[in-house]
Amino acid sequence: MILLFVENFKISLSAVFANKTRSILTALGIIIGILSVTLMGTLISGLDKSFESSMSWLGKDILYVSRYEWFSDMEWWEVRNRPRMLPEYVNKIKEKSQYALAVAPVMQRGASLSFEDKSTRTEIFGTNEEYMETISTNIATGRFFTKNEDRSGSRVTVIGEGIREAFFGDKDPVGKYIKIDDIKFRVIGVLEKQGKFLGLFSVDKQAILPFGAYKRIFSKRGWMRLSVKVPDDKLEDGLDEIISVMRHIRGLKPNEKNDFAINQTKAFEKQYKALKIAIGGTGIFITLLSLVVGGIGIMNIMFVSVKERTREIGVRKAIGATKGMIMGQFLMEAVTICLFAGSVGILLAYIFSFFINKFFPSELPIFLSLVAMFMSIVVGVISGFIPSYRASKLDPIDSLRYE
Amino acid sequence: MALILLKNIYKIYNVGGEEVRALDGVNLEIKDNEYLAIMGPSGSGKSTLMNMVGCLDTPTSGIYEFEGEMVQVMDDSQLASIRNRKIGFVFQTFNLLPKATAQHNVEIPLIYANIRKDKRKEMASEALSSVGLSDRSHHRPNELSGGQRQRVAIARALVNNPSIILADEPTGNLDSKSGEEIMKILDDLHNRGNTIILVTHEDDIAQHANRIIRLLDGKIIEDLYIEKNDSFIC
C-alpha cells in the first residue's frame, strides 16, 4: 500500500512537472484561495490578539463609572442632561461599598509636553494614588505618587514609555523636570511599555499627574470618570452594588432611571464579537468562494489529464492496476497540485502578514497554516474525485484503442 | 491439466439495435507451454478472443477457466490481479509509458504486485537482460528504436513470471529485421517453457507457433497443430 502511495506520488510529481505552465496556472486558483483564506484568518486572529491585550489593559475587573455609555443606542437627549461625575464620589463610594477595592477618579485632556528643546502633544491624566491598582501596567522605573503628594498638590508626574524614549533616550528620567503646558513637573516614575490600544493609538504617550495638581492647574470641572476595582470573582455582585451606591449618591427614586453609566470591558467584548462575526463571517465566506473557484479549476484540469492519459490508463489496467489504484493515482495528482498550491499560498500569507503587521496587528498562527494545509488537501480530494472516479471506470479495451 | 479452458463462449454486442456476435460459441483448450497463433481477417473476433483470454473482457455467456479458476464470475480487482500475476501483454504499439525509463516501465507490474523496491529492481534488471537490453535500462522509450521498445514491452510482460504471454501483432509496427528479432525472443521464451499466444494476420509470423487457430465471424474454423523439425527452430 505504502509502495503504491509512494509510486503514485512520483507519478503525480512527474505529471505535474511535465506540464509546468498548466500546473502553475491551475495552482494559481488554489494559491489565491488559500492565500485569501489564511490572510482573512490571520487578520481575525491578529484582531483577537490585539483585542485581548487591549482588554487586559482595561482590566476585566474594573468598572468605569461615567456619564455616558461606551456603546449605547440611547438618543442623545436622553443622556445629555445627566449630571457630571464629581471628585467627592470617590470617598462616597469607598464609604458605602464593600466590594470596591480601589477607586480612582480620572480626568483627561490634551497638553503639550516639553523637555529642553524637545516637545510633543499628548494626553495627560489626573488621578489619585489608587490609579495603579485600576490598570494592568506596572511602573518600570521610579515610583508612583503618594496620597500625600496628591493631597498637597505636588507637581510630580509619571510618564509613559513613549515620552521617556522621546525625551530622555538612554538617560535616567527620574528626578528631571519636564514642562506640561509651561508648568514644571518633576518626573518620578515611568510606566512599562504597553503598545497600541486595539492597534489604533499608542497609550505609551501619556503623563499621569496627581489629581490635586491637575485640578488646580488644568481644570476644576471638565470631563471625569471613576475607575472602580472590584474582586474579579465578584464582578456581578460588585456591579450591582456600585449601581446601587451610585443611585444612592445621586438620590434617585426607585422608579427613576440611572443617570450615570457603568462600563465594563464586557461592553467592548459584545461590540467586538458582533463586529468579528460580521467581518469574519462574510470575509471567510467570500474567500472560501475563491477557494471553490480554484477547486473547479483543478477539477477541470484533472478531466483534461484523464482524457490525455486514457491510453496510459488502459496499459496500467492491462498490466494489473485495479480501479482503486487508478483512482488513487489521479486523486494523488489533484492533491499534489493542491498541496503545492497550498504551501505557496501559506508562504505568501506569511510574507503578506509580516508586512501588514507593520500597519495593523496580524499574525499567522501555526494552527491556521495547518488548517489551510488540510483544506488544500480536502479541496484536492473533492475536486479530483469525479475525474479520478471516471478514470477508474474506463474500460481497459477501449482505453487501449484510444488515440 | 488445461491452462486455459473456454467452453461455449459468446460475446454479443448491441450496435445500433443490431446484434453483433464477436464470439459465437468458441470452445478452446490451451495447455501449458503451447505456442499458439490466432489468425483471421479483421472483424473475425480474434481481438475479442485475445481480450477474453487476457481477462480484459468477460464473456456474455460461457465458461472461462484459467488454471482451474472461474474467470467469468470474478470482480474487477480479481481480474486485475490475474492480469498482473498470470498474464503478460505485448501490444502492437508497445504501449510503454513515455516518461518512464525502460527500467521503470518494466517495474510497473511489480509495483502493482506490491513487491519491495530492491527485489523489484533486481527482477526488472533480470527481465531486461533476458531480452538483451541491460545497457539501455535508463533510456526512455523515445530514445529507443522500435525493436528495442518492443523488447522492453516483452521484458515488462515477462517480469512477473506469468503463466502466459499474450502478444497482439507484436511485429506489426516493426521492420522485418526487428520483427525477426522479436520473434526469436518469443521462440526462446517458448523453448524455456513459457506459454505464448500470438495474434497475427501474417502467415510467416504464425509459422513460429506450433498450433494455429483460424477465426471467422466469431467462430473457430480451423485448429491446426504444426509438426516442426528442430533445425527450423534453430
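A, B, ... follow the sequence lines: proteins, then strands. Residue 1 opens every chain. Below, each value reflects all heavy atoms present in this structure, side chains not excepted, and no hydrogens, waters or symmetry copies.
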- Query: Shortest non-hydrogen contact from B:L174 to B:S178?
  - Reply: CB-CB, 4.1 Å

- Message: Show, in sequence, the C-alpha distance, side-chain angles and deciding distance for A:S36 and A:S290, and conclude whether the side chain to side chain donor-acceptor pair (under 3.5 Å) test is met.
- Response: CA-CA 8 Å; A:S36 46; A:S290 72; 3.2 Å; yes

- Message: Between B:Q148 and B:H139, is the side chain to side chain donor-acceptor pair (under 3.5 Å) condition met? List the steps.
- Response: CA-CA 10 Å; B:Q148 286 171 330; B:H139 288 63; over 6 Å; no

- Message: Please determine whether a side-chain nitrogen of the Lys or Arg among A:E333 and A:R309 lies less than 4.0 Å from a carboxylate oxygen of the Asp or Glu.
- Response: yes

- Query: What residues of residues 90-103 of chain B sit under 4.5 Å from chain A when only non-hydrogen atoms are counted?
  - Reply: B:F91, B:T93, B:N95, B:L97, B:K99

- Cut-off 4.5 Å, heavy atoms of chain A, and the answer for B:R116 is backbone

- Item | Polar side chain donor-acceptor pair, B:H104 to A:E7, under 3.5 angstrom | yes

- Which of parallel (below 30°), tilted (30 to 60°) and perpendicular (above 60°) describes B:H190 and B:Y35? tilted

- Could you tell me whether the side chain of B:I185 reaches within less than 4.5 Å of the side chain of B:L189, counting heavy atoms only? yes

- Query: Taking atom NZ of B:K219 and atom CZ of B:R21, what is their separation to the nearest 0.5 Å?
  - Reply: 7.5 Å

- B:E122 bridged to B:K117 by N-O distance under 4.0 Å: no

- Query: Counting N and O atoms only, with roles assigned by atom type, does the side chain of A:T310 sit under 3.5 Å from a partner on the main chain of A:V306, one being a donor and the other an acceptor?
  - Reply: yes

- For chain A, which residues from residues 71-83 of chain B lie under 4.5 Å away (heavy-atom distances)? B:D76, B:S77, B:A80, B:R83

- Kindly compute the distance separating CZ (B:F89) from CG (A:L400), expressed to the nearest 0.5 Å. 8.0 Å

- Message: Closer than 4.0 angstrom, basic N to acidic O: yes or no for A:D48 and A:K276?
- Response: yes

- Pair B:E67-B:S163, side chain to side chain donor-acceptor pair (under 3.5 Å): steps then yes or no: CA-CA 9 Å; B:E67 291 184 344; B:S163 306; 2.8 Å; yes

- Item | Within residues 372-391 of chain A, residues adjacent to chain B where the heavy-atom gap is under 4.5 Å | none

- Query: Heavy atoms under 4.5 Å from chain A: which residues of residues 48-59 of chain B carry them?
  - Reply: B:N51, B:L56, B:D57

- Query: How long is the gap from CZ on B:F66 to CD1 on B:I4, to the nearest 0.5 Å?
  - Reply: 5.0 Å

- Item | Closest non-hydrogen atom pair between B:H201 and B:G40, with its separation | CB-O, 4.2 Å

- For atom CZ of A:F303, decide whether the heavy atoms of other residues, nucleotides or ligands shown that lie under 6.0 angstrom number more than 12. yes

- Task: Would you check if A:I30 and A:I337 make a side-chain contact, meaning some heavy-atom pair closer than 4.5 Å?
- Result: no

